[in-house]
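Both counts, for ligands and for their atoms, begin at 1 and track the order of listing. Basis for what follows: all heavy atoms, side chains included, without hydrogens, waters or symmetry-related copies.
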Amino acid sequence: MKQGKLLIFSAPSGSGKSTIVQWLMQEHPELNMHFSVSCTTRQPRGTEQNGVEYFFLTPEEFKEKIAKDEFVEYEEVYTDKFYGTLKSQVTSQTAKGDNVVFDIDVKGGCNIKRQYGAQALSIFIQPPSLEELRRRLEGRATDAQEVIEQRLAKAEYELSFAPKFDTVVVNDDLEKAKQETLEKIRKFLAE
Ligand SMILES: Nc1nc2c(ncn2[C@@H]2O[C@H](COP(=O)(O)OP(=O)(O)O)[C@@H](O)[C@H]2O)c(=O)[nH]1
Ligand SMILES: Nc1ncnc2c1ncn2[C@@H]1O[C@H](COP(=O)(O)OP(=O)(O)O)[C@@H](O)[C@H]1O
């Protein structure tokens with residue numbers, strides 16, 4: 001059976017990556033995309049549920065998974081906040097011929113691309129500007145101001161990773177960004 005492919009999405013927090021990924025998964029079931037549920041040590045926010053958006057782990061549980069070599073990759077994305085991709089999330093889907101979607105930080109995105117080469121497409125979702133990124137994070141109203149500042153402080157560094165990705169989509173006009181991403185994925189899956 002044909003192996004599934006990997007679709008990696010990275011961007012500074014607030015760029016619109018989750019909005020685009022959720023739209024693709026809801027509106028385009030023919031793409032056969034399955035979300036890779038990561039592990040994290042951050043607290044759940046809003047309506048997030050364990051096992052849906054993330055597996056929410058204690059730092060001890062996370063360390064145990066590192067020791068057991070259960071991660072394809074993991075990073076301390078923000079101070080004391082660990083995020084990791086489980087090997088089981090990748091192999092169980094690709095073996096069935098399904099495509100796996102990763103919403104993952106810039107370093108993790110480059111790491112997975114390095115490991116999977118041509119089986120993976122890495123997409124960088126770029127905000128039109130840092131000012132707009134601030135507006136979106138504040139508008140989303142899911143994080144405390146301190147958390148927003150922490151994320152914005154990291155955004156410039158993250159933007160410098162864009163050239164390392166297979167492709168960059170600027171998310172200015174959301175509809176355009178969705179269509180552009182869709183076309184790129186269709187082309188890659190047809191290869
Ligand atoms: N390296 C790595 N990064 C991850 C993983 N899962 C999520 N992330 C990234 O961690 C960052 C913070 O994610 P989150 O707390 O959900 O905030 P949001 O991106 O603002 O919605 C984002 O850049 C995610 O893409 C993972 O398994 N590994
Ligand atoms: N092109 C866009 N124009 C204006 N607002 C947007 C656009 N794309 C996304 N947003 C909004 O910006 C906020 C951050 O988007 P989100 O998808 O949560 O980002 P990320 O997953 O990259 O952290 C959300 O409130 C979302 O509705």
- Minimum heavy-atom separation for Ala162 to Val168, with atom names? O-CG2, 3.8 Å

- Query: For atom 11 (C) of ligand 1, which protein heavy atom lies nearest, and how many Å away is it?
  - Reply: Val77 CG1, 3.8 Å

- Query: Counting heavy atoms only, which of Val21, Thr19, Leu137 comes nearest to atom 16 (P) of ligand 2?
  - Reply: Thr19

- Query: Is the number of heavy atoms from other residues, nucleotides or ligands under 6.0 Å of Lys164 NZ greater than 12?
  - Reply: no

- Item | Under-4.0 Å heavy-atom contact with ligand 2, by part of Ala11 that carries it | neither

- Item | Which atom of Asp143 lies closest to which atom of Ile148, heavy atoms considered | O-CD1, 3.7 Å

- Message: Assess whether a salt bridge exists between Lys65 and Glu61, defined as any Lys/Arg side-chain N lying under 4.0 Å from an Asp/Glu carboxylate O.
- Response: no

- Item | Close-contact set for ligand 1 against Gly108 heavy atoms, below 4.0 Å | 1 (N)

- Note on the structure: For Gly84 and Phe62 the tightest heavy-atom approach is N-CZ, 3.7 Å

- Item | Under-4.0 Å salt bridge between Lys178 and Glu175 | yes

- Query: Arg151 to ligand 1: N or O pair under 3.5 Å?
  - Reply: yes

- Counting each atom of ligand 1 from 1 as listed, which ones have a heavy atom of Thr85 under 4.0 Å away? 26 (C), 27 (O), 28 (N)

- If you scan protein heavy atoms around atom 21 (O) of ligand 2, the nearest is Ser18 OG, 2.4 Å

- Query: Looking only at distance, does Tyr78 have an N or O less than 3.5 Å from an N or O of ligand 1?
  - Reply: no

- Here the gap from Ile123 atom CD1 to Ile185 atom CD1, rounded to the nearest 0.5 Å, amounts to 4.0 Å

- Message: Return the closest protein heavy atom for atom 14 (P) of ligand 1 as residue, atom name and distance.
- Response: Tyr54 OH, 3.4 Å

- Message: With side chain to side chain contact (heavy atoms under 4.5 Å, CB included) as the test, pick out the partner of Gln93 among Met33, His34, Lys5.
- Response: His34

- Item | Close N or O approach (Glu75, ligand 1; < 3.5 Å) | no

- Based purely on interatomic distance, does Ile104 place a nitrogen or oxygen under 3.5 Å from a nitrogen or oxygen of ligand 1? yes

- Task: Decide whether the shortest distance between a heavy atom of Ala177 and an atom of ligand 2 is less than 4.0 Å.
- Result: no

- Message: Tell me whether Glu146 at atom CD has more than 12 heavy atoms from other residues, nucleotides or ligands lying less than 6.0 Å away.
- Response: no

- Query: Hey, does Gly84 come in under 3.5 Å of ligand 1, counting only N/O atoms on both sides?
  - Reply: yes

- Task: Report yes if some N/O of Ser15 lies less than 3.5 Å from some N/O of ligand 2; otherwise report no.
- Result: yes

- Any side-chain donor paired with an acceptor under 3.5 Å for Arg140 and Thr142? yes

- Looking only at distances, please establish whether an N/O atom of ligand 1 is found under 3.5 Å from an N/O atom of Tyr74. no

- Message: Counting only heavy atoms, tell me which of Glu138, Lys176, Arg136 gets closest to atom 6 (C) of ligand 2.
- Response: Arg136

- Should the heavy atoms of other residues, nucleotides or ligands under 6.0 Å from NZ of Lys187 be counted, would the total exceed 12? no

- Message: Tell me the contacting part of Ile20 for ligand 2: side chain, backbone, both, or neither, using a 4.0 Å heavy-atom threshold, strictly below.
- Response: neither

- Which residue owns the protein heavy atom closest to atom 8 (N) of ligand 2, what's the atom, and how far is it? Asn171 ND2, 3.0 Å

- Item | Donor-acceptor side-chain pairing of Gln145 and Glu149 below 3.5 angstrom | yes

- Query: Does any N or O atom in Glu132 lie less than 3.5 angstrom from one in ligand 2, N or O only?
  - Reply: no

- So Phe35 and Phe9, ring pair (Phe, Tyr, Trp, His ring centres under 6.0 Å) or not? Walk me through it. CA-CA 11 Å; Phe35 191 69; Phe9 288 85; 9.5 Å; no

- Message: Under a 3.5 Å cutoff, is there a donor and acceptor pairing between the side chains of Thr94 and Gln3?
- Response: no

- the protein heavy atom lying closest to atom 24 (C) of ligand 1 turns out to be Asp103 OD1, 3.6 Å

- Query: What are the atoms of ligand 1, with element, lying closer than 4.0 Å to any heavy atom of Arg42?
  - Reply: 14 (P), 15 (O), 16 (O)

- Message: Would Gly14 count as a polar contact of ligand 2, with the cut-off being nitrogen or oxygen pairs under 3.5 Å?
- Response: yes

- Query: What distance separates Lys113 NZ from Glu73 CD, expressed to the nearest 0.5 Å?
  - Reply: 15.5 Å

- What protein heavy atom sits nearest atom 19 (O) of ligand 2, and how far away is it? Gly16 N, 3.1 Å

- What's the shortest distance from atom 3 (N) of ligand 1 to any protein heavy atom, and which residue and atom give it? Asp105 N, 3.1 Å

- Mind checking whether Glu53 contacts ligand 1 via backbone (N, CA, C, O), side chain (CB onward), both or neither, at a 4.0 Å heavy-atom cut-off? neither

- Item | atom 21 (O) of ligand 1: nearest protein contact (heavy atom, Å) | Arg45 NH2, 2.6 Å

- Task: Write out the residue and atom name of the closest protein heavy atom to atom 18 (O) of ligand 2, then the distance separating them to 0.1 Å.
- Result: Arg140 NH1, 2.8 Å

- Message: I need the atoms of ligand 2 closer than 4.0 Å to a non-hydrogen atom of Asp172, numbered in the order shown.
- Response: 1 (N), 2 (C), 3 (N)

- Query: Shortest non-hydrogen contact from Leu121 to Asp166?
  - Reply: CA-OD2, 3.4 Å

- Item | Nearest non-hydrogen protein atom, atom 6 (N) of ligand 1 | Ser38 OG, 3.1 Å

